[in-house]
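Below: one structure, written as structure tokens.
What you see below is based on every heavy atom in this structure, not just the backbone, and it leaves out hydrogens, waters and symmetry mates.
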Amino acid sequence: MIDHQHHQAPQQPYAPYAPPPQYPHPYAQVPAHPHQQAHPYLQQPAQPPATPREVGDLRRILFAGIDGAITFFGGFSLAVRLAEGKSTGTFWIYVAVCFFGLSFVHHVLGAVLFRTTVGKFLLMTRVVREADAGRPRFWQAVRRWLLGLTWLPMQPVWALFGDDGDPYEDGCGLRYVRSRDLRR
């Protein structure tokens, strides 16, 4: 019979388990010594990236002229090819469809996919969201395109009333900036 009171456990070859020491997290904020200042990145909360300033009027006029010429001549020449041998009324329908279709692809899809159009690319300009300098959203680009289609033809009317019809206050949340300002 085994006497449990006098029974001893066999000798253990290892020391009893002790939890590892608790080291501070490598990115934890370490309290600063009274005579030292804490690192500035640890003191301040993260700030959103600043949106670069807008491009000037001359650059805007130049890329608008280039993009307008591409849309006008490209849409018209596409319509001439598609409406070959059709009646005059059908030809003008093709012109309107090709003009607006090419304009949509160039200005909306180009802005959303590439952050630029051909004219803006040649003048090293990008389209960004005003809030965070990110890629434009689809519906923002659509609203901006529709605003441009209505703003430009209305300029003679605005001039008659003495107003300049400033397009910069558009509420679409997009901004044109220089490409090099996005790399900083």
Take atom CZ in Phe138; do more than 12 heavy atoms of anything else shown fall under 6.0 Å from it?
yes

Treating [X] as the side-chain partner and [Y] as the backbone partner, does any N or O pair qualify as donor plus acceptor under 3.5 Å?
X	Y	value
Asp67	Gly119	yes
Arg129	Arg135	yes
His106	Val118	yes
Ser179	Met124	yes
Thr116	Phe121	yes
Ser77	Phe73	yes

side-chain contact (heavy atoms from CB on, under 4.5 Å) with Thr125: of Arg59, Arg115, Arg178, only one passes, and it is Arg59

Given Phe63, which of Leu123, Thr117, Leu122 fulfils the side-chain contact (heavy atoms from CB on, under 4.5 Å) condition?
Leu123

Over all heavy atoms of both residues, which pair between [X] and [Y] is shortest? Give the atoms and the distance, please.
X	Y	value
Pro52	Ala133	CD-CB, 4.1 Å
Leu147	Thr150	O-OG1, 3.0 Å
Ala141	Val108	O-CG2, 3.7 Å
Ser103	Leu149	OG-CD2, 4.3 Å
Leu102	Thr71	CD2-O, 3.9 Å

Taking salt bridge (charged side-chain N to carboxylate O under 4.0 Å, His left out) as the cut-off, I'd like each qualifying pair that reaches into residues 72-89, sequence neighbours left out, listed once.
none

Does Arg143 form a side chain to side chain contact (heavy atoms under 4.5 Å, CB included) with Leu146? I'd like the steps, not just the answer.
CA-CA 5 Å; Arg143 285 194 312 263; Leu146 290 173; 5.8 Å; no

Same hydrophobic cluster for [X] and [Y], using side-chain heavy-atom links shorter than 4.5 Å among ILVMFWY?
X	Y	answer
Phe100	Leu109	yes
Val95	Val80	yes
Leu58	Val127	yes
Val105	Ile70	no

To the closest 0.5 Å, what do you measure between CH2 (Trp145) and CG (Leu174)?
15.0 Å

Hey, can you tell me if Phe76 and Trp92 have their rings parallel, tilted or perpendicular (30° and 60° cut-offs)?
tilted

Going by heavy atoms in the side chains, are [X] and [Y] under 4.5 Å from each other?
X	Y	answer
Leu82	Cys98	yes
Tyr176	Arg126	no
Phe99	Leu78	no

